[in-house]
Amino acid sequence: MVKASIGVGLAGLALLALYLSETTVSVLLPLAVLGLGLALYLSRDISKFLKVFIWVLAGVEGILVALSLAGAFGSVPETLADYVPPASMTVGATIFAFVIYGISRIPVIRTITRIADRYFTSSTPSQITIPFIGTIRATEGAIGTALLVFLIAINLGQVALNVRLNFFGRDMFNALQEKDASAFWYQLFWIFVPLATVFVSVAMVEIVSQYVMRIRWRAFLNDLYVHEWLSGGTHYRMQLVGREADNPDQRIAEDLRSYIDQTYNLSIGLMNQSATLVSFIAILWSLSAGFTLPGTDIPVPGLLVWVCIAYALLGTWLTHLIGRPLIALYFQQERVEADYRFSLARLREYTEQIALLGGEAAEEEALKARFGRIVQNFMQIVRRVMRLQVFQSTYFQANVVVPYILTAPYYFIDRITLGQMQQTVGAFSSVQGALDFFITSYSTLANYKAVVDRLTTFEAAVAKVRDPDAGEHVSLASSPDRNLNVSNLQVALPDGRVLMKADGVAFRHGSTTLLAGPSGSGKSTLFRAISGIWPFGSGQIRVPAGQTMMLLPQRPYIPMGSLREAVTYPGTFGVYSDADIAEALRAAKLPALADRLDEERVWAQTLSLGEQQRLAIARALLAKPDWLFLDEATAALDEPTEEEIYKVIKEKLPNSTVVSIGHRSTLGAFHDRRIDMHRQDDGLFAPVERRQPEPAE
């Protein structure tokens, strides 16, 4: 509806402009408006992020056309006439709209904008507080879109101000040349001061607005990526499938931030430079209309425009030739940096084990090797950047004198005034700067491409492990009874090799079961398949509907923070009372910890493995799951303590069905039945129930 209204309005303005085109308004004006209307129509199926740019251009063009028509009718006061942007801005808006539509069809741009659209099309309810207005409630996507529209409009306004300042420079230098004091002071106080005041004020508003949009954009994508990474055990399965998305923590924390910052800077920068390019090309064309080829009398329309374009194209081509290898180098640098950080974090996590084994020398050697890969890749980047910098520095130094070299001959023969020369130099520099956008941003673009590649491979890895149709997988279904049933199950490794099989196995509700067998026979992997985090393989596991499960591994996960958080994990704050937590710790034979709930420390390094296992038992006592799977969860305890723990589980969790994995012969006394993993004729392990000996008569 909004686009239709804009289209109708532009069509009406175009007809009026066309009527006046033969007299007071350039014939390009109606054509530009009609062209933008066509761009609006074509943009209906492109990315929302890019579509916003075209919408804003349509609104800006409508304002410019209205101002041009007002000037045609003499409706603009003479005191404000100097502040009206030139009509060339209208042509620039149309050209840039088609540029946006064109780049929207480039595959890499589609990839970039697809990530951006996840924010700008969001329907998540949100709110924003605006000074002097108050709190506004809307969807997060609508708030982000409004901020983007506002920032685009501000940047286009800054381009218009720069164009007007270019004319100010011409008039001021002409006044100086003619020694016209009144004209000089008029230009300084009545033209420059108001324009500069507006420019500074707008710049301040832009800074605040862009930082607000960036942090909201990042917060939304951060929550989205973290949710997709953690939900359904995706983070675990991604780790199993290889290095397609290595270091997901870095991709979420660093790459997302870089993506948002660079997407904003490059998109707004490209729009700003494109608008600058078109606007100042029109000025440069008119200023060099009478220029001839140096040393001849042959006139060349827009000579400086062609020189500027050729000069920039040559610089752009050489920049790409020199800097192209940086894309792969930046990608590799992110990987080796992340590997090194992960190694340091892992060393901190296992500091006790390393100290006990005396592994410091081995760790130091490994860290030196990983850091060596950082240095090696970094030096390749340095060598490539150095070449690029030498060329760019030479190129930009030449930019300072090139426009003077081109215009000085015409000034010396009185073809142009000093003001016109200064305006030409300014316009040439603006056009050159816009054309040099690719050159000045090449290193950023190379790094940006690496960031986008890392985010897209991360998304692809998430989609791959979450795709239910991606080949055979273990399926979970509801059990027709209260038992947990396994049928036609083959548990495989991530590379497809089958590890174990099971058919017709039932874990009966209310019966404690011990699962035993050789190491590597697939016992723990079977538990993972039952819990739903191991999809590799085929077959079906039927779990009782509506019943909760809890799996305690041999080495529990202890989060950083207070002891209360460690005991209640994965429960949220306030689910259990302090009295219940303390009672669970005492029952788990950790009475010394019952009064330390608010103490914060790295508990994974403070507690012994046996204490960590008992803390995990305390979690189970609090959670009271319907099914409790113990994967050697008491292996670090001495046998008397292990016996006490099983007695506590039986007493405190009478309604929980316990299934244990263990190797100790003493565990059999704590379970009603035993299932052993036996190697079959085909070499695969399979669970076989051991029959209890008949009682002696």
Side-chain angles (χ1 to χ4, degrees), residues 230-237 240 465-494 496-517 521-553 570 620 623-633 649-650 653-662 670-680 682 684-692:
L230 294 180
S231 63
T234 301
H235 60 99
Y236 174 71
R237 292 198 288 272
L240 297 174
V465 301
R466 298 180 67 178
D467 184 6
D469 300 323
E472 287 190 324
H473 61 278
V474 177
S475 64
L476 298 179
S478 297
S479 175
D481 51 35
R482 302 180 69 186
N483 299 331
L484 193 154
N485 302 289
V486 178
S487 58
N488 299 318
L489 179 68
Q490 286 192 337
V491 177
L493 298 174
R497 287 180 295 143
V498 178
L499 179 63
M500 58 85 64
K501 63 182 181 180
D503 186 25
V505 178
F507 297 97
R508 294 191 292 271
H509 177 267
S511 176
T512 55
T513 304
L514 173 63
L515 181 62
S521 58
K523 304 183 299 298
S524 298
T525 309
L526 176 60
F527 271 21
R528 296 187 186 104
I530 291 172
S531 65
I533 67 171
W534 190 275
F536 310 108
S538 61
Q540 188 175 74
I541 299 175
R542 292 183 175 271
V543 296
Q547 297 209 334
T548 58
M549 291 187 178
M550 190 173 196
L551 193 154
L552 303 185
K624 296 179 171 55
D626 296 309
W627 290 77
L628 178 61
F629 294 88
L630 305 176
D631 185 359
E632 299 192 63
I649 292 174
K650 185 174 182 179
L653 302 176
N655 298 319
S656 297
T657 300
V658 179
V659 183
S660 303
I661 291 177
F670 313 136
H671 299 81
D672 302 332
R673 58 196 291 246
R674 173 169 173 158
I675 296 177
D676 289 326
M677 301 295 292
H678 285 288
R679 189 184 296 274
Q680 305 300 298
D682 56 5
L684 301 178
F685 284 92
V688 178
E689 184 169 2
R690 176 188 293 186
R691 295 188 178 277
Q692 298 291 342

Trainee: Find out whether Asp626 and Met549 are in side-chain contact, i.e. whether some heavy atom of one side chain is under 4.5 Å from a heavy atom of the other.
Mentor: no
Trainee: Kindly say whether Thr512 contributes a backbone atom to a donor-acceptor pair with the side chain of Asp672 at under 3.5 angstrom?
Mentor: yes
Trainee: CG of Leu630 to CG of Leu552: how many Å apart, nearest 0.5 Å?
Mentor: 5.5 Å
Trainee: Checking Asp481 side chain against Asn483 main chain: does a donor-acceptor pair fall under 3.5 Å?
Mentor: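 Indeed, once roles are kept as given, a pair shorter than 3.5 Å links the two residues.
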Trainee: Parallel, tilted or perpendicular: which one describes the rings of Trp534 and Phe536, with boundaries at 30° and 60°?
Mentor: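 Rings of Trp534 and Phe536: perpendicular, as their planes differ by over 60°.
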Trainee: Quick check: do Leu484 and Val659 have side-chain heavy atoms less than 4.5 Å from each other?
Mentor: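 No; the side chains remain at least 4.5 Å from each other.
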Trainee: I'd like to check the side-chain contact (heavy atoms from CB on, under 4.5 Å) partners of Pro553; sequence neighbours left out, ordered by chain and number.
Mentor: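 side-chain contact (heavy atoms from CB on, under 4.5 Å) check on Pro553 returns Leu551.
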Trainee: List the residues meeting side-chain contact (heavy atoms from CB on, under 4.5 Å) with Val498, not counting sequence neighbours, and say none if there are none.
Mentor: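 Residues passing side-chain contact (heavy atoms from CB on, under 4.5 Å) with Val498: Gln490, Leu684.
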Trainee: Is there a side-chain contact between Ile675 and Pro687 (heavy atoms, below 4.5 Å)?
Mentor: yes
Trainee: Sub-3.5 Å donor-acceptor pair from the side chain of Thr513 to the main-chain atoms of Phe507, do we have one?
Mentor: no
Trainee: Considering only NZ, NE, NH1 and NH2 on the basic side and carboxylate oxygens on the acidic side, decide whether Glu689 and Arg673 come within less than 4.0 Å.
Mentor: yes
Trainee: Would you say the side chain of Phe629 lies within less than 4.5 Å of the side chain of Met550, judging by non-hydrogen atoms?
Mentor: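 No. Closest side-chain heavy atoms not under 4.5 Å.
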Trainee: Measure the shortest side-chain to side-chain distance between Phe685 and Gln680 over non-hydrogen atoms and say whether it is less than 4.5 angstrom.
Mentor: no
Trainee: Working to the nearest 0.5 Å, report the span between NE2 of His671 and CG of Leu515.
Mentor: 10.0 Å
Trainee: Tabulate below the donor-acceptor pairs under 3.5 Å that side-chain atoms of residues 523-532 make, not counting sequence neighbours, or state none.
Mentor:
unit_1: Lys523; atom_1: NZ; unit_2: Gly517; atom_2: O; d: 3.2
unit_1: Lys523; atom_1: NZ; unit_2: Pro518; atom_2: O; d: 3.0
unit_1: Ser524; atom_1: OG; unit_2: Asp631; atom_2: OD1; d: 3.0
unit_1: Ser524; atom_1: OG; unit_2: Asp631; atom_2: OD2; d: 2.8
unit_1: Arg528; atom_1: NE; unit_2: Tyr236; atom_2: OH; d: 3.1
unit_1: Ser531; atom_1: OG; unit_2: Phe527; atom_2: O; d: 3.4
unit_1: Ser531; atom_1: OG; unit_2: Arg528; atom_2: O; d: 2.8

Trainee: So, do Asn488 and Gln540 sit near enough that their side-chain heavy atoms are less than 4.5 Å apart?
Mentor: no
Trainee: Using a strict threshold of under 4.0 Å (side-chain N to carboxylate O), is an ion pair present between Lys501 and Asp503?
Mentor: no
Trainee: Roughly how far, to the nearest 0.5 Å, is CZ of Arg508 from OG1 of Thr657?
Mentor: 11.0 Å
Trainee: So do the side chains of Ser660 and Phe670 get within less than 4.5 Å of each other, counting heavy atoms only?
Mentor: no
Trainee: Would you give the length of the straight line joining atom OG of Ser479 to atom CZ of Arg542, rounded to the nearest 0.5 angstrom?
Mentor: 7.0 Å
Trainee: Return yes if some donor-acceptor pair links the side-chain N/O of Ser656 with the main-chain N/O of Pro625 below 3.5 Å, else return no.
Mentor: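 Looks like yes, one N/O pair under 3.5 Å.
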Trainee: Give the C-alpha distance, both sets of side-chain angles, the deciding distance and a yes or no for side-chain contact (heavy atoms from CB on, under 4.5 Å) between Asn485 and Ile541.
Mentor: CA-CA 6 Å; Asn485 302 289; Ile541 299 175; over 6 Å; no
